[in-house]
Chemist: 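Shown below is the structure under consideration.
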Amino acid sequence: DEHGCDTEAPENHEKVKNCLNELKSISNLTLQFGIDATKLDTHYKGRRFHRIYFNFPCTPDMYHTAEMVEKFFISARKVQRRGHQILLTLVCRLGNEETTAEEHRIYWHGLIYGIVKASQAGGYRLIKKRRFSDSTNNEDPHRYGRMISGNKYRHECTDSLHSCYYTGDARQYVFEKVERFEYNEADIVYSEEDRDCRYPCFNEDMDT
C-alpha cells in the first residue's frame, strides 16, 4: 500500500493459515486483503456498513498513525449512515514504576492515534469504551471468545506467536456517526507536557 506495507497474507505462517482456512469455511463471511482503511469509500463505493471494526491500526512510522486514523474516520463516514458505529481498538501499555497506565493511555491514544481530533474530523462521537481483555483471563473473559479450532482472538505481532507488549492494557472505543458534534471540555484530558505541545485524549472517567 501507500505506506509501504506488505498487503499479502503471511500464508507461510502455519497458525495464520489455519485461522484463514477456518474463516474461509464460514458461509456468510468474505475475506479481503489489501484494503486501504483511508479509502473505504473508494473500495466500497455505494455500499453501507452499520458497523466497522478496526483493531490495532498502525503505520511503519508510528508518528504518522494519527494522520492515518483521521483519514480512516473521514473515509468511514462516507460508507456509514447516522447512528452507525466504528469499534476502534488501540494498544496501551500497563503501568510501571516509571509511567502510570493513565500516562501511557494519554500518550498512545492522545498523541500517537489522535482519536479526539480524528473522531471529530469524521463526525463521530464516543459512546462507549472498554478494555480489550485477553481471552486467557478467566476473571474477565475476552468478549470475542474462541474460534472453533480453539484459537483465541488476541493481538499477535507479525511473524511472531507472541502478543505485543504494547497491548497489555488495550482499549476498545465505540463511536457513533452523528451530524455534528463537539466534546465538552470535561470529556477531555491533556498530557502533562509543555502547554504548547499538549495533546488531547478522552477522560478515563468520561460518562459514556
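Just the heavy atoms: all of them, side chains too, but no hydrogens, waters or symmetry mates, feed the values below. For this chain, numbers begin at 1 and follow the sequence in order.
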Chemist: Any non-hydrogen side-chain atom of Phe49 less than 4.5 Å from a side-chain atom of Leu40?
Modeler: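 In short, these two side chains do not touch, never coming nearer than 4.5 Å.
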Chemist: Report the residues that fulfil side-chain contact (heavy atoms from CB on, under 4.5 Å) with Ala118, sequence neighbours left out, ordered by chain and then residue number.
Modeler: Val69, Glu70, Phe73
Chemist: Output yes when a side-chain donor or acceptor of Ser119 lies under 3.5 Å from a complementary backbone atom of Ile115, and no otherwise.
Modeler: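 Here the side-chain-to-backbone pair exists.
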Chemist: Taking all heavy atoms of Arg105 and all of Asn203, pick out the closest pair and write down the distance.
Modeler: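 Heavy-atom minimum between the residues: NH2-C, 3.9 Å.
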Chemist: Roughly how far, to the nearest 0.5 Å, is CZ of Arg51 from CD of Gln85?
Modeler: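 Nearest 0.5 Å value for the CD-CZ distance: 5.0 Å.
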Chemist: Going through the distances and angles, do Asp36 and Thr38 end up as a side chain to side chain donor-acceptor pair (under 3.5 Å)?
Modeler: CA-CA 5 Å; Asp36 187 336; Thr38 68; 2.7 Å; yes
Chemist: I'd like to check Val116 versus Leu126 (side-chain heavy atoms, cut-off strictly below 4.5 Å). Are they in contact?
Modeler: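 No; the side chains remain at least 4.5 Å from each other.
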Chemist: Out of curiosity, does Leu88 fall in the hydrophobic cluster containing Ile74 (side-chain heavy atoms, cut-off under 4.5 Å, transitive links)?
Modeler: no
Chemist: Could you grab the distance from atom NE2 of His64 to atom CD1 of Ile112, nearest 0.5 Å is fine?
Modeler: 11.0 Å
Chemist: If only atom types and distance count, is the side chain of Gln172 paired as donor or acceptor with the main-chain N or O of Leu87 below 3.5 Å?
Modeler: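 Pair absent, no side-chain N/O of Gln172 close to backbone of Leu87.
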Chemist: Within the 4.5 Å heavy-atom criterion, are Trp108 and Met62 side-chain neighbours or not?
Modeler: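 The answer is yes; the side chains approach within 4.5 Å.
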Chemist: Give a yes or no on whether the backbone of Arg125 and the side-chain of Glu176 come within a donor-acceptor separation of less than 3.5 Å.
Modeler: no
Chemist: If you measure from SG on Cys201 to CD on Glu102, what distance do you get to the nearest 0.5 Å?
Modeler: 7.0 Å
Chemist: Please work out whether the ring planes of Phe202 and Phe175 are parallel, tilted or perpendicular, with thresholds of 30° and 60°.
Modeler: tilted
Chemist: Using modelled atom types only, decide if a donor and an acceptor are shared between the side chain of Glu103 and the backbone of Thr100 within a distance under 3.5 Å.
Modeler: yes
Chemist: In Å and rounded to the nearest 0.5 Å, what is the CD to CZ distance from Gln80 to Arg48?
Modeler: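 Going from CD on Gln80 over to CZ on Arg48, the span is 9.5 Å.
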Chemist: Strictly by salt bridge (Lys or Arg N to Asp or Glu O under 4.0 Å), give each pair with a member in residues 73-88 just once, sequence neighbours left out.
Modeler: Asp41-Lys78
Chemist: Can you tell if the side chain of Arg130 reaches within under 4.5 Å of the side chain of Val174, non-hydrogen atoms only?
Modeler: yes
Chemist: Going from CG on Leu20 to OG on Ser25, what distance comes out if it is rounded to the nearest 0.5 angstrom?
Modeler: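 Interatomic distance, Leu20 CG to Ser25 OG, rounded to 0.5 Å: 11.0 Å.
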Chemist: With distance as the sole test, does His109 use its side chain to make a donor-acceptor pair with the main-chain N or O of Val91 at under 3.5 Å?
Modeler: yes
Chemist: Compare every heavy atom of Ala37 with every heavy atom of Phe72, then report the nearest pair and how far apart it is.
Modeler: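 Phe72 and Ala37 have their closest heavy atoms at CD1-O, 3.4 Å.
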Chemist: How close do Tyr113 and Pro57 get, heavy atom to heavy atom, and via which atoms?
Modeler: CE2-O, 3.3 Å
